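Indexing begins at 1, ligand by ligand and atom by atom, following the structure's order. When a residue number appears, it is its place in the shown sequence, counting from 1. Just so it is clear, the model here is predicted, and its values are computed rather than measured.
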Amino acid sequence: MASATLLLLLSFPFLAISGHSSSLQNYIVHVRRPNNLFKSDNTRLQRYYLSFLPASPTISSSSRLLYSYREAITGFAAQLTAEEAISMSSKPGFLRAYPTPTYKLTTTHTPTFLGLRSNTGLWHHSNQGEGIIIGMLDTGIASNHPSFADVGIPSAPPHWKSPCQLPPSAPCNNKLIGARSFVGKNASDFHGHGSHTASTAGGNFVGNANVVGQANGTASGIAPRSHVAIYKVCDLEGCSGADITAGFDFAIQDGIDVASLSLGGGSASFATDPIAIAGFRAFQKGITVVCAAGNDGPYSGSLSNEAPWLITVGASTLNRILKAVVRLGNGEVFVGEALFQPRKFSSRQQFQLIAPNSCDKHPAASLKGKIVLCESVANIPAIKAAGGVAVILKNNKIVGATIVLDLQSMPSSSVTFEDGAKISAYAGSAINPTASIEFCGTVISNNSSPSAPMVAYFSSRGPSLSSAGILKPDIIAPGVNVLAAWPRPISKDSNHNGESRREAEFNIISGTSMATPHISGVVALLKKAHPNWSPAAIKSSIMTTADMVDDRGKPIMDEKLKPADYFALGAGHVNPQKAIDPGLVYNISGDDYIRYICGVGYSDDDATIIAGREVSCARVGQIAEAELNYPSILVAMNGTKMTVNRKVTNVGEAGSRYKVEVESPKGVKVKVKPQKLKFREVEEEKSFSVTFKRIDGATELRRWAQGSLRWVSAKRVVRSPIVVTLKV
Ligand SMILES: *[C@@H]1O[C@H](CO)[C@@H](O)[C@H](O)[C@H]1NC(C)=O
Ligand SMILES: *[C@@H]1O[C@H](CO)[C@@H](O)[C@H](O)[C@H]1NC(C)=O
Ligand SMILES: *[C@@H]1O[C@H](CO)[C@@H](O)[C@H](O)[C@H]1NC(C)=O
Ligand SMILES: *[C@@H]1O[C@H](CO)[C@@H](O)[C@H](O)[C@H]1NC(C)=O
Ligand SMILES: *[C@@H]1O[C@H](CO)[C@@H](O)[C@H](O)[C@H]1NC(C)=O
């Protein structure tokens, strides 16, 4: 997102040409907090905000005012022209105005994959998140869905009093304890995204869940006994920053414990990004804010939601595959996948295999009775019309090994880039190429082929552009082919009839949107188990206990089938069972974050906008990015030697002892002081320093290198990823 000034300047050419006053746009306006806080007086607060609005003969000030915010930001949203926004800046108390940014949606087997089972481990200790409130800022909710039934859920906490903008036929209950809509008066989900994410985070148990017969099992959210509160801030087109801020504003006042945002708008300055600003205010109220990393991978520097006080979630695959095996006439076998698994298809029959020049137009050749090899973007109806019996959909090089499933209206098998290339080579060289597709249904495997988890191609990658000294994403979680609630049947195609048992109710979709609520659910479990932990402590425990290896015990791979780097993985793949008992946490206070904001070079006004109170950086001091007490370490080497400091809090037993183990990044020598930590008491804090020294003449460290630092006790490993870059 460009800065406010830039956006304002860009609208001037239009003004000059049109000659009239420019058109009204929705702006977010930040102002200084009035001295007398207007604590509980909404009318006075609104009057203060209205005083910034221009007097106009045609539009009344109150009809321009879209929202007057109390908690999420100090300021309001209003309709203004570009000139009005500029002239407003001379009013005392004004800080900044910019057109409201828009965000995109970053579109149950999963709990088992994450090691969650009834009455054991985390689900037992956290009582499945009972009593914790997860706030979903999304497209609303299909409140009649069985995932949101309140069987076995206690009533909402006494302080809770959010309204319920749901149809009377499916009103709020003990599971869905509130529903506010900021896009229309109806919090019903007309999209599907919001129901999917909400059921992933906090959905109740639903037996026999499946999509066209596949992925059958008991679906449940990660925190099935939690409460869910709905803030509908997005519609089919996307989400406006003003509506997101309003959702946050009420969510903070309502008293949620976790905020889950499966949406993103690309890299942005923290001081003009409502998610970063409202997210900081929520952090200060003890709310953990979980956000999607974005679907702009695999390109580097493609992250959304980079602020360090947010948990930024990337996406990876599950070990569940919907197997559709391709066998070629030459005997080669490839494991592909398909959502639609027709039972009547002749699995063993070899059909002629054809690879047309293009699959996106009406095919020239007759495809009658043939299996058609296509790029994954193919015109399926045209192929069907031309008589094709099935398609093999091959990934392109960018998508690589990530198989993202869509419901196709004809038999198909989606294969990886590598496998697709081999099938192409065969189709192009054999005299009479043939193939068969065998549909094998849903297979859950450990030691699986392909291995899992694997980073999805679309998962946005670091480095963070708005804060290059903080390693992002923080964590990865399942986000490929995730089954969860859906408001309506996903298929009206007669081909799919009879395959599904409950087709009205579930869908399998992919995105960092799907990964995000997995982490929100885990946060709810941790919050229940450790009610007094700060959001920073909760994040630390998720990060330092994450897995770095897949189900084969090998480093987690990316879509290129190469070990994923830390700009894709962050701290690794979430391991909820371990996160509940991290041993040590890297804690960070709100004040630390303000000093960090000053340290990154934001102005006093920026820091004031984010903090919601007057900040003078000269007075509060600064923390360099590398010195923020983050659970991961990213250092930009300046010269040949550099030292960073960290502080850990003992959240294990009194008397715990830890010894450091370091995996040094290539070309760098890492020294930790002290090497051992002994904690006499619980809650005790200990500091240590990490010194990085470039090895003389080492050529390995060209751009960046990665390693790790682990505090190891008899029972636990507290791991921080390390990335060293060269300052240019
Ligand atoms: C909201 O939408 C649902 C689903 O379409 C509908 O049943 C309900 O009547 C709507 N409610 C209002 C107040 O418009
Ligand atoms: C799904 O599983 C349940 C029990 O686990 C079984 O009764 C049901 O027939 C299965 N449905 C399908 C479509 O396989
Ligand atoms: C994986 O399979 C092995 C044996 O095949 C078994 O011992 C192990 O417990 C399995 N792991 C998981 C996570 O299911
Ligand atoms: C972390 O710091 C906060 C204050 O910023 C404090 O309330 C909390 O107790 C600390 N420890 C943990 C484990 O959260
Ligand atoms: C980088 O090095 C310069 C001079 O060598 C020093 O003034 C500066 O403080 C260093 N910056 C960091 C972040 O260490």
Which word best sums up how the rings of Y593 and Y596 line up, parallel for under 30°, tilted for 30 to 60°, or perpendicular for over 60°? perpendicular

Check the angle between the aromatic planes of Y231 and F182 and answer parallel, tilted or perpendicular using the 30° and 60° thresholds. parallel

To the nearest 0.1 Å, how far is [atom] from its closest protein heavy atom, and which atom is that?
atom	value
atom 1 (C) of ligand 4	N587 ND2, 1.4 Å
atom 5 (O) of ligand 4	S589 CB, 3.4 Å
atom 14 (O) of ligand 4	S534 N, 2.8 Å
atom 9 (O) of ligand 4	N532 O, 4.1 Å

Between R32 and E614, is the closest basic N to carboxylate O distance under 4.0 Å? yes

Assess the residue pair S534 and N587 against the criterion (side-chain hydrogen bond (donor to acceptor under 3.5 Å, both in side chains)); give the C-alpha distance rounded to whole Å, side-chain angles, the decisive distance to 0.1 Å, and a yes or no. CA-CA 8 Å; S534 68; N587 205 359; 2.7 Å; yes

Would you say atom 7 (O) of ligand 4 makes contact with the protein, given that contact here means a non-hydrogen protein atom less than 4.0 Å away? no

Just jot down the ligand 4 atoms closer than 4.0 angstrom to any heavy atom of A537, in number order. 12 (C), 13 (C), 14 (O)

How far does CG of L261 sit from CG of L137, to the nearest 0.5 angstrom? 4.5 Å

